[in-house]
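Positions are given from 1 along the sequence. Any value given below was found using the heavy atoms of this structure, including those in side chains, with hydrogens, waters and symmetry copies removed. When a ligand or atom number is given, it counts from 1 through the structure's own listing order.
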Amino acid sequence: MPEFTHQGHEKKEFVRKMFDDISPSYDFLNHFLSLGIDIYWRKRFIQKLEIKDDYSILDVACGTGDVGFEILTNHSVSITGIDLSPKMVKLAHEKAQKKNMENITFIEGDAENLPLDNNSVDCLTISYGFRNISNYESALTEFYRVLKPGGKLGILEFSKPKSKIIGIIFKLYFHHILPRIASFFSRSDAYRYLPESVDFFPSRHDICRKIIYSGFQRAEIHDLTFGISTIFLGFKDGK
Ligand SMILES: C[S@@+](CC[C@H](N)C(=O)[O-])C[C@H]1O[C@@H](n2cnc3c(N)ncnc32)[C@H](O)[C@@H]1O
C-alpha cells in the first residue's frame, strides 16, 4: 500500500515542507547515499545538453544549486535557479556566495507557474525535481512556454533499472537500506517517500509522450548506469 498519496495542492505543500526540513543534510546525504554517483549523473546530464556560451538557463527545482554550479564551472552563461522550498533557495544562495559565483541567482517559485516571460530561456534543466511536481502536464506546458524557439528541455530523473538483477539490488537498497541510514541524519519519512515516488513515476515512454503532448517537437531518452537514472531531452522547434 502506498504511504504517500498526496495529490495536487496537498502534494505541493507536503513536498515544500519536506524539502525545507531535510535541507540542512540534503547535500551530505545525496553524496553519501549515492556513493558520489549523483555528481557523475549531473555531469553527464549537463554534457548532454550541449550548452553554448551566452545561453540563459533556468534550473527548475534547483535545490541547493548543484546543477547551476556545475554548469558555471565550464560555461559562460547566466543561470536562474528556482525552487519551491525557501530553505533550499537560501542554502543555494549561500553556496553561490561562498563559491564567488556571480552569474547565478536563486528565487523561490513553482515549476507550474514560472515567473518568466514567454520565449525567454535557451535551456531549462530540472534534476531530480520532476517526480516531485504535483501536475506533470502543467509544468511541461510552462517549460515549453518559457523556452525560446530552438530551446532545449533537460530532465534528469530516477528510473526503474532495465536489468532484472540490478532492479532487485536497487529495490533492496532503495527501499530497505537507504531509508534506515538516512533516518539517522534526517526526517525519516522523506527517505521512504523517495523510493515510493520512483515506484509511482511514469515509465520512460510515458514521460516522452507527455513531453511531446506539451508541444515539444522531439524527445529523447538516455539511460545512465543500468537505467537507474534517465535523461530526457525535449526540443522546441526553431521556427
Ligand atoms: C530532490 S531535490 C533536487 C534538487 C536539485 N535539482 C538536485 O539535483 O539536487 C527536488 C527539489 O524539487 C523542489 N520542488 C518540488 N516541487 C517543486 C515545484 N513544483 N516547483 C519548484 N521546485 C519544486 C523541491 O523543493 C526540492 O528542492
Mark the output for [X] as yes if a heavy-atom distance to ligand 1 is under 4.0 Å, and as no if none is.
X: E112; answer: no
X: N30; answer: yes
X: S134; answer: no
X: D66; answer: no
X: V15; answer: yes

Which atoms of ligand 1 have any heavy atom of [X] under 4.0 Å away?
X: M88; value: 27 (O)
X: G109; value: 20 (N), 21 (C)
X: S85; value: 25 (O)
X: N132; value: 10 (C), 15 (C), 16 (N)
X: G63; value: 4 (C), 27 (O)

So, is [X] polar-close to ligand 1, with some N/O to N/O distance under 3.5 Å?
X: A111; value: yes
X: Y26; value: yes
X: R131; value: no
X: R42; value: yes
X: T64; value: no
X: D83; value: yes
X: A61; value: yes
X: L84; value: yes

Just checking, any donor-acceptor pair under 3.5 angstrom between side chains of [X] and [Y]?
X: N103; Y: S78; value: no
X: D189; Y: Y193; value: no
X: R131; Y: S197; value: yes
X: Y40; Y: R44; value: yes
X: T64; Y: K95; value: yes

>> Looking at F69, I'd like to know if the NZ or CZ of K99 sits under 6.0 Å from its six-membered ring centre while staying within 45 degrees of the ring's axis.
In response: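 K99 over F69 ring: yes.
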> Any idea how F130 and F143 line up, ring-wise: parallel (<30°), tilted (30 to 60°), or perpendicular (>60°)?
Replying inline: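 Ring orientation, 0 to 90° scale: tilted.
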> Which residues satisfy the ring-ring contact (aromatic ring centres under 6.0 Å, His included) test with F158, sequence neighbours excluded?
Replying inline: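 Partners of F158 under the ring-ring contact (aromatic ring centres under 6.0 Å, His included) test: Y128, F174.
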> Where's the contact between A139 and ligand 1, heavy-atom distance under 4.0 Å: side chain, backbone, both or neither?
Replying inline: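 It is neither; nothing of A139 touches ligand 1.
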>> Below 4.0 Å, non-hydrogen atoms only: which portion of R16 touches ligand 1? Side chain, backbone, both or neither.
In response: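 No part of R16 is near ligand 1 at this cut-off.
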>> Taking D122 first and then K52, would you say they form a salt bridge - that is, a charged N and a carboxylate O separated by under 4.0 Å?
In response: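 Looking at K52 together with D122, the answer is no, because their closest N to O distance does not fall below 4.0 Å.
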Which protein heavy atom lies closest to [atom], and at what distance to 0.1 Å?
atom: atom 8 (O) of ligand 1; answer: S127 OG, 2.4 Å
atom: atom 1 (C) of ligand 1; answer: Y128 O, 3.1 Å
atom: atom 19 (N) of ligand 1; answer: D110 OD1, 2.9 Å

Can you tell me if [X] uses its side chain to pair, donor with acceptor, with the backbone of [Y] under 3.5 Å?
X: E157; Y: S229; result: no
X: S203; Y: D206; result: yes
X: N135; Y: S138; result: yes

> Would Y26 and F184 show up in the same hydrophobic cluster when neighbours are defined by side-chain heavy atoms closer than 4.5 Å?
Replying inline: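 Yes, Y26 and F184 fall within the same hydrophobic cluster.
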> Please walk me through it: do F201 and Y136 pass ring-ring contact (aromatic ring centres under 6.0 Å, His included)?
Replying inline: CA-CA 10 Å; F201 192 58; Y136 303 136; 5.7 Å; yes
